[in-house]
Number of protein chains: 2
Amino acid sequence: MERLETINFYLLDKAIRTYRVYSQKKLRENGFKITVDQWLVIKVLMENPGISQLSLAEKAFKDNASITRIIELLVKSKYLDRKVNPKDRRTSILKVTPDGEEIINKVQGLVLQNRKVAQTGITIEELENLNITLKKIIKNCQP
Amino acid sequence: MERLETINFYLLDKAIRTYRVYSQKKLRENGFKITVDQWLVIKVLMENPGISQLSLAEKAFKDNASITRIIELLVKSKYLDRKVNPKDRRTSILKVTPDGEEIINKVQGLVLQNRKVAQTGITIEELENLNITLKKIIKNCQP
DNA sequence: ATTATTTTATTGATATGTCAATTTTTGATT
DNA sequence: AATCAAAAATTGACATATCAATAAAATAAT
C-alpha cells in the first residue's frame with residue numbers, strides 16, 4: 001500500500017488528534033475539569049452572547065447534535081445557564097455562569113501556550129499556507 | 001476572540017471532518033456497508049498479514065481501545081476472521097475474509113477518487129508543504 | 001521454579017461525531 | 001383561522017476516541 005505516512009489525510013487526522021490529546025492532557029494535568037470542545041463552546045458563547053445553538057454549532061465547527069450534548073454537560077457542570085427564550089420558544093437563552101467565566105480565564109494562558117508549543121518551528125508563512133490549503137480541502141468536500 | 005477561522009487547529013479539525021463526511025457519504029451512496037475507519041483497518045491488515053493489534057493500531061493511527069472495537073465490528077460484518085494465536089495466547093490471528101477482500105477491491109477506486117476530489121486545485125508542492133507542516137505539529141505534540 | 005514485570009488485549013465510563021427521525025414552535029399560504 | 005411548510009432543537013442508534021482499570025499470558029529476575 002501507499003505508505004500511510006505519505007497520505008495527506010492520515011497525517012491530517014493524526015496531527016489534529018495528537019494536538020488534541022496533548023491539549024487535553026495539559027488541561028487535566030493542571031486540574032481543569034473541562035474538555036477542549038467544552039472550552040471552545042463557552043468561548044464562542046462569550047464572544048457571541050444570545051447566539052442560537054445552530055450558529056453556535058457553525059462557529060465552533062461542530063455538529064448540531066453534538067452541540068446539544070456538549071451544552072447539556074456544560075449546564076450540568078454549572079458552566080452554563082439556560083432558560084427558554086420567551087420570544088422564540090423553540091430556542092433557549094444560554095448564559096455563561098461566573099464559574100464558566102472563571103475557568104475560561106484561568107485556562108486562557110494554557111491554551112495559548114499549547115498552541116505555541118504545537119507551532120514550534122513553523123513559520124508564519126507556513127501557517128498561512130497551511131490555512132490556505134485546508135480551506136481548499138474544506139471547499140472541495142462541501143456540497 | 002481571535003477569529004476562529006484564523007486559528008489553524010480549528011481549520012485542521014474542520015478539514016479532516018469535512019473530508020471524512022464526504023468520503024463516508026460517497027461510500028454510502030454507492031451501497032458500501034463499511035466505514036472509512038473500518039476500510040483503513042482492513043487495508044492495513046492486508047498489507048501486514050499476521051500483525052498484532054498494537055501494531056495495527058499504530059499503523060492505522062488509531063487508539064488501542066478503538067482498534068479492539070473496530071475489529072469486533074469487522075468480525076461481526078464477516079470482513080475479518082479471528083482465532084487465538086497458539087504461539088502467543090494473548091493475541092489473535094486476524095485474517096481478511098473473501099468478503100473483506102471483495103469490498104476493499106470494490107471500494108478502492110472510490111477512495112482514490114475521493115482523495116482526488118478533495119485535492120482539486122492543490123498543487124503537489126502545496127501538498128508536500130502541508131505534509132511537512134503536519135509532521136512538525138505531530139512532533140511538537142508528542143512526548 | 002516461583003515471583004515480579006511487561007506485554008497484549010479487553011472492558012467500563014464518558015465524550016463526541018454522524019445520520020435519521022421526531023417534537024415543538026414559528027412563519028407562510030390559502 | 002386552519003393548514004402547511006420551515007426552522008430549531010432534541011433524541012435514538014450507532015461508531016469512534018480517550019483514559020483508566022483490569023485480565024491474561026509471556027518474559028525476565030531472583
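Naming convention: chains lettered A, B, ... in sequence-line order (proteins, then strands); numbering from 1 in each chain.
Note on A/Q24: nothing from the nucleic acid sits closer than 4.0 angstrom, heavy atoms only. Within the nucleic acid shown, B/I70 comes within 4.0 Å of sugar-phosphate atoms alone, with no base atom in reach, counting heavy atoms only. Residue-level contact check: B/L73 touches the backbone only, with heavy atoms under 4.0 Å from sugar-phosphate atoms and none from bases. In this structure, B/D63 reaches the bases: a heavy-atom distance under 4.0 Å links it to at least one base atom across the strands shown.
Atom CG of B/L27 is separated from atom C1' of C/dT18 by 14 Å (rounded to the nearest Å). The NZ-C1' distance, from B/K87 to C/dA9, rounds to 20 Å in whole Å. Protein atom CG of B/N64 is 8 Å distant from nucleotide atom C1' of C/dT8, rounded to whole Å.
Using a 4.0 Å cut-off between a side-chain N of Lys or Arg and a carboxylate O of Asp or Glu, A/E29 and A/K26 qualify as a salt bridge. A salt bridge is absent between B/E72 and B/K76; no separation between the charged side-chain nitrogens and carboxylate oxygens falls under 4.0 Å.
For the OP1/OP2 pair of C/dT7 and a distance below 4.0 Å, the side-chain nitrogens and oxygens of B/Q53 include no atom meeting the criterion. Between B/T68 and C/dT10 there is a side-chain polar atom (N or O) within less than 4.0 angstrom of OP1 or OP2. OP1 or OP2 of C/dT7 has not a single side-chain nitrogen or oxygen of B/T91 nearer than 4.0 Å.
Among the nucleotides C/dT10, D/dA17, C/dT18, the one closest to any side-chain atom of A/S66 is C/dT18. Comparing C/dC19, C/dT8, C/dT10 by their nearest atom to the side chain of B/R82 picks out C/dT10. Among the nucleotides C/dT16, D/dT16, C/dA20, the one closest to the side chain of B/Q38 is D/dT16.
A donor N or O paired with an acceptor N or O is found under 3.5 Å between the base of C/dG12 and the side-chain atoms of B/R69. Contact of A/R90 with C/dT22 (side chain to base): no donor-acceptor pair of N or O atoms is detected under 3.5 Å.
Put simply, the side chain of B/L94 reaches to within 4.5 Å of the side chain of B/Q53, judged on heavy atoms.
For the pair B/K78 and B/T97, the tightest heavy-atom approach, listed with the atom from each and the gap, is O-OG1, 2.6 Å. For the residue pair B/N8 and A/Q119, the shortest heavy atom distance occurs at ND2-NE2, 3.2 Å.
Comparing B/V21 and B/E72 along DNA chain C, the residue whose closest nucleotide (by nearest heavy atom) sits nearer the 5' end is B/E72. Residue A/D88 is the one, among B/R89 and A/D88, whose nearest nucleotide of DNA chain D lies closer to the 5' end (criterion: closest heavy atom).
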